[in-house]
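Here the structure is laid out as structure tokens; the discussion comes afterwards.
Heavy-atom basis, side chains included; hydrogens, waters and symmetry copies ignored.
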Amino acid sequence: MRGRKSKRAKRQEFEQMQAPTIGGVTVPRGDGTTVVRVRRGSSLTDFADRINANPASLVTVLFHLGEMATATQSLDEDTFKLLGAELGYVVEVVSPEDEEKELFAAFDIDLDHEEEEQDLVARPPVVTVMGHVDHGKTKLLDAIRHANVIATEAGGITQHIGAYQITTEHEGVERAITFIDTPGHEAFTAMRARGAKVTDIAILVVAADDGVMPQTIEALNHAQAADVPIVVAVNKIDKEGANPAKIRQQLTEYNLVAEEYGGETMFVDVSARERINIDALLEAVLLTADAALDLRANPDTDARGVAIEANLDRGRGATATVLVQQGTLHVGDAIVAGSAHGRVRAMLDEHGNQLDEALPSRPVQVLGLSSVPRAGDTFVVAPDDRTARQIAERREAADRQASLAKARKRISLEDLNEALAAGKVETLNLILKGDVSGSVEALEDALLQIDVGDEVDLRIIDRGVGAITLNNINLAMASNAIIIGFNVRAEGQNAEVADREGVEIRYYTVIYQAIDEIEAALKGMLKPEFEEVSLGTAEIREIFRSSKFGNIAGSIVRSGEIRRGARARITRSGVVVGENIEIAGLRRFKDDVVEVREGYECGINLGSFNDLQIEDVIETYEMREKPRA
């Protein structure tokens with residue numbers, strides 16, 4: 001008996017015969033066709049569990065392949081495939097979609113549930129307006145909605161994504177249409193791609209006096225990739241030099257052939273400014289929807305959809321604009337959107353009216369979330385608060401692992417030796433804060449695409465929505481980072497701490513200014529520029545209505561001085577609500593004055609700007625030329 005080997009010893013001996021020896025370490029080998037599935041951002045320990053290996057041995061194998069990693073470090077897809085090829089495994093990284101299905105299946109939530117035919121009812125079409133910057137997309141939506149959105153956007157360029165629902169009469173029946181507005185600037189590629197994915201029909205806006213431009217083609221590609229029918233709105237036909245026929249000819253090169261040329265695409269000549277042919281455009285959308293699409297959904301199930309935009313509101317907390325795609329969303333439902341969860345406390349439509357429920361294709365603003373979801377995150381209704389929280393926590397952990405894997409800088413042993421010999425590589429660390437999540441995402445994508453060569457490494461170490469906080473400033477101090485505030489500011493004590501500790505904060509209201517300036521700074525090509533110098537701040541204590549002068553802000557000067565004629569901005573809880581406003585009048589009691597110093601009360605007239613609330617902060621400033629070395 002003593003001389004015979006046990007079954008376990010025989011199995012170990014067989015496994016060692018099958019295992020390759022790399023650097024003195026034996027690892028179980030695959031046959032070249034064995035498939036191993038791993039989640040995004042998995043570590044060597046996760047991979048070792050799936051192939052029944054020792055994680056320490058995989059660290060050694062990876063080291064001999066010229067890659068350095070710890071057993072618990074999140075790895076990217078390329079590293080796993082390199083390791084799998086060496087060991088005889090076909091490594092498949094689970095897609096985010098499959099990951100979602102597996103996650104919800106664990107909580108008995110079926111995302112692929114087939115609806116019964118009798119349960120389906122007609123729903124409104126979801127239409128995304130796309131096209132090149134300044135071709136009139138938002139003005140076209142203004143004409144459809146009879147509102148003025150563009151006046152609230154910095155520089156007249158859309159920097160946010162918005163959703164609205166309108167009703168129109170078609171063949172004697174009132175029909176609803178949901179519109180989604182996407183930015184046309186090149187920095188917003190991700191937002192246009194997201195708009196194309198959630199939509200039923202795309203309206204491609206092309207200016208008749210300008211023609212097909214780069215973002216026109218990109219928007220067209222997004223729509224075609226998503227297999228979405230396209231209606232072309234040839235805008236600005238009232239302008240001199242407009243040539244609608246040229247637009248039709250140009251778009252034939254991109255497989256968009258007009259109906260009058262024997263094709264299938266509807267072209268409508270419109271003028272957003274003069275409101276010409278708006279009804280014809282809406283009719284074209286509904287005709288396309290009826291002819292090409294089966295737009296039905298079951299309103300009697302739990303709601304599912306997508307978060308189009310999200311932001312942090314001072315009074316309401318985390319809010320998200322969501323588009324319901326299936327089912328009906330009710331006030332009181334427990335929902336999870338990305339890594340955010342909560343119970344729907346209230347729902348608002350695009351006019352700020354409260355709703356009790358939202359049917360399929362309805363965009364609504366949801367209040368009651370625990371944190372700000374990312375634009376593009378899917379949302380589902382969970383059975384209860386506990387389940388919603390658990391799903392959100394699992395999603396957050398998976399996203400964190402995936403981002404760690406993405407951020408990991410791969411370096412071979414040869415690269416390491418060269419880096420050590422050459423000295424430390426310069427790194428520019430950035431912290432991004434914005435007013436809405438879509439803008440932060442767009443800014444991050446644009447900055448990471450800047451080509452700065454090998455001498456400078458650009459890293460975004462943190463990003464978020466809302467005012468610049470003390471935590472952001474402390475992180476910037478610890479990592480020598482620059483904070484970029486997009487439509488948000490650091491206020492009061494936070495601004496003082498940043499100034500005292502020498503933390504640089506750059507404020508922007510137009511995205512391309514941020515991109516251009518960061519790129520110029522990285523390439524050392526900054527020209528002399530104007531520097532904003534703060535003159536003083538005042539807090540609004542009372543608002544007086546005057547038929548002669550408009551609104552008068554009864555204020556107390558908190559710092560510096562307030563001067564008549566100076567430029568001012570209005571901030572509400574750190575978020576900019578008014579920019580480049582003139583101090584039109586300044587009074588102390590009944591006297592007109594030129595300036596009011598710190599500690600004194602005064603009445604401030606801001607001209608035609610009347611969107612004021614108590615506790616708003618009026619900050620005055622002037623631009624001084626700052627020569628650069």
Checklist line | Lys/Arg-Asp/Glu bridge criterion (N-O < 4.0 Å) met for Asp377, Arg374 | finding: yes
Margin query: Does any part of the side chain of Val503, heavy atoms only, come nearer than 4.5 Å to the side chain of Ile482, both counted from C-beta?
Written below: no
Margin query: Using the salt bridge (charged side-chain N to carboxylate O under 4.0 Å, His left out) criterion, which residues pair with Arg273? Sequence neighbours excluded.
Written below: Asp238
Item checked: Verdict with supporting geometry, Glu561 and Arg597, salt bridge (Lys or Arg N to Asp or Glu O under 4.0 Å) -> CA-CA 4 Å; Glu561 60 185 24; Arg597 296 185 179 277; 3.0 Å; yes
Note to self: Side chains of Ile237 and Val270, heavy atoms from C-beta outward: is any pair under 4.5 Å?
What the structure shows: no
Item checked: Pairwise distance CG(Leu432) to CD1(Ile483) - rounded to 0.5 angstrom -> 10.5 Å
Margin query: Side chains of Arg569 and Thr509 only: does a donor on one sit below 3.5 Å from an acceptor on the other?
Written below: no
Checklist line | Side chain Ser555, main chain Ala553, donor-acceptor under 3.5 Å | finding: yes
Next item on the list: Could you give me the CA-CA distance, side-chain angles and deciding distance for Arg395 and Glu393, then say whether salt bridge (Lys or Arg N to Asp or Glu O under 4.0 Å) is met?
Entry: CA-CA 5 Å; Arg395 271 178 161 180; Glu393 287 171 353; over 6 Å; no
Margin query: Restricting to non-hydrogen atoms, name the atom on Val322 and the atom on Leu329 that form the minimum distance, rounded to 0.1 Å.
Written below: CG2-CD2, 4.3 Å
Next item on the list: May I ask you to check whether over 12 heavy atoms, not counting those of Asp592, lie within 6.0 Å of atom CG?
Entry: yes
Next item on the list: Taking Thr199 for its side chain and Val126 for its backbone only, find out whether a donor-acceptor pair lies under 3.5 Å.
Entry: yes
Checklist line | Ile484 and Leu447, any side-chain heavy atoms less than 4.5 Å apart | finding: yes
Next item on the list: Check the pair Lys236 / Asp269 against salt bridge (Lys or Arg N to Asp or Glu O under 4.0 Å), numbers first and verdict last.
Entry: CA-CA 8 Å; Lys236 303 187 181 183; Asp269 296 340; over 6 Å; no
Check: Any donor and acceptor pair, going by atom type alone, linking the side chain of Arg564 with main-chain N or O of Gly585 inside 3.5 Å?
Finding: no
Next item on the list: Return the minimal non-hydrogen interatomic distance between Arg463 and Ile460, and the atom names on each side.
Entry: NH2-O, 3.5 Å
Next item on the list: Could you tell me the separation between the CZ atom of Phe544 and the CG atom of Asn605, rounded to the nearest 0.5 Å?
Entry: 13.0 Å
Margin query: If you compare all heavy atoms of Val465 against all heavy atoms of Asn311, which two are closest, and at what distance to 0.1 Å?
Written below: CG1-CA, 3.8 Å
Next item on the list: Mind checking the CD1-CG spacing from Ile278 to Leu141? Nearest 0.5 Å is all I need.
Entry: 9.5 Å
Notebook entry, point to check: Do the side-chain N and O atoms of Thr168 and Asp279 include a donor-acceptor pair separated by under 3.5 angstrom?
Noted result: no
Item checked: No-hydrogen, no-angle side-chain donor-acceptor test under 3.5 Å, Thr537 and Ser559 -> yes
Note to self: Is there a side chain to side chain contact (heavy atoms under 4.5 Å, CB included) between Phe179 and Ile144? Walk through the geometry before answering.
What the structure shows: CA-CA 10 Å; Phe179 284 93; Ile144 293 169; 3.9 Å; yes
Checklist line | Backbone N/O of Asn610 and side chain of Asn551: donor-acceptor pair under 3.5 Å | finding: yes
Next item on the list: Please step through side chain to side chain contact (heavy atoms under 4.5 Å, CB included) for the pair Ile461 and Leu430, ending with a clear verdict.
Entry: CA-CA 6 Å; Ile461 59 173; Leu430 296 177; over 6 Å; no
Check: Does Asn277 reach the main-chain N or O of Ser271 with its side chain, forming a donor-acceptor pair under 3.5 Å?
Finding: no
Item checked: Flag side-chain contact, heavy atom, 4.5 Å: Asp349 against Arg362 -> yes
Margin query: Is there a side chain to side chain contact (heavy atoms under 4.5 Å, CB included) between Asp435 and Val576? Walk through the geometry before answering.
Written below: CA-CA 9 Å; Asp435 55 342; Val576 179; over 6 Å; no
Item checked: Stacked cation flag Arg489 on Tyr507, 6.0 angstrom / 45 deg -> yes
Notebook entry, point to check: Within the side chain of Asp210, is there an N or O that forms a donor-acceptor pair under 3.5 Å with the backbone of Ala207?
Noted result: no
Next item on the list: Would you check if Asn487 and Val575 make a side-chain contact, meaning some heavy-atom pair closer than 4.5 Å?
Entry: no
Note to self: I'd like to check His341 versus Ile335 (side-chain heavy atoms, cut-off strictly below 4.5 Å). Are they in contact?
What the structure shows: no
Item checked: Any donor-acceptor pair under 3.5 Å from Arg588 side chain to Glu601 backbone -> yes
Notebook entry, point to check: Could you give the distance from NE2 (His132) to CD1 (Ile217), rounded to the nearest 0.5 Å?
Noted result: 10.0 Å
Check: Is there a side-chain contact between Lys433 and Thr469, using heavy atoms and a 4.5 Å cut-off?
Finding: yes
Check: Considering only heavy atoms from C-beta outward, does the side chain of Gln354 approach that of Leu348 to under 4.5 Å?
Finding: yes
Check: Which pair of non-hydrogen atoms, one from Ala514 and one from Leu443, has the smallest distance, and what is that distance?
Finding: CB-CD1, 3.9 Å
Notebook entry, point to check: About how many Å separate CD1 of Ile604 and CG of Leu612, when rounded to the nearest 0.5 Å?
Noted result: 9.5 Å
Note to self: For Tyr621, is the OH atom crowded, meaning more than 12 foreign heavy atoms sit under 6.0 Å from it?
What the structure shows: yes
Item checked: Nearest atoms (heavy-atom pairs only) where Thr319 meets Gln365 -> OG1-NE2, 3.6 Å
Note to self: Between Arg343 and Asp333, is the salt bridge (Lys or Arg N to Asp or Glu O under 4.0 Å) condition met? List the steps.
What the structure shows: CA-CA 6 Å; Arg343 190 170 285 279; Asp333 283 347; over 6 Å; no
Check: Does the side chain to side chain contact (heavy atoms under 4.5 Å, CB included) test come out yes or no for Lys139 and Lys137, once each step is laid out?
Finding: CA-CA 6 Å; Lys139 202 168 264 305; Lys137 297 179 298 301; over 6 Å; no
Checklist line | Distance, nearest 0.5 Å, that separates CZ of Phe609 from CG of Asn580 | finding: 11.5 Å
Check: Taking 4.0 angstrom as the limit, do Asp142 and Arg275 come out as a salt bridge?
Finding: no
Note to self: To check you understand the geometry: which heavy-atom pair defines the closest contact between Ala233 and Leu140, and what is its length?
What the structure shows: CB-CD2, 4.2 Å
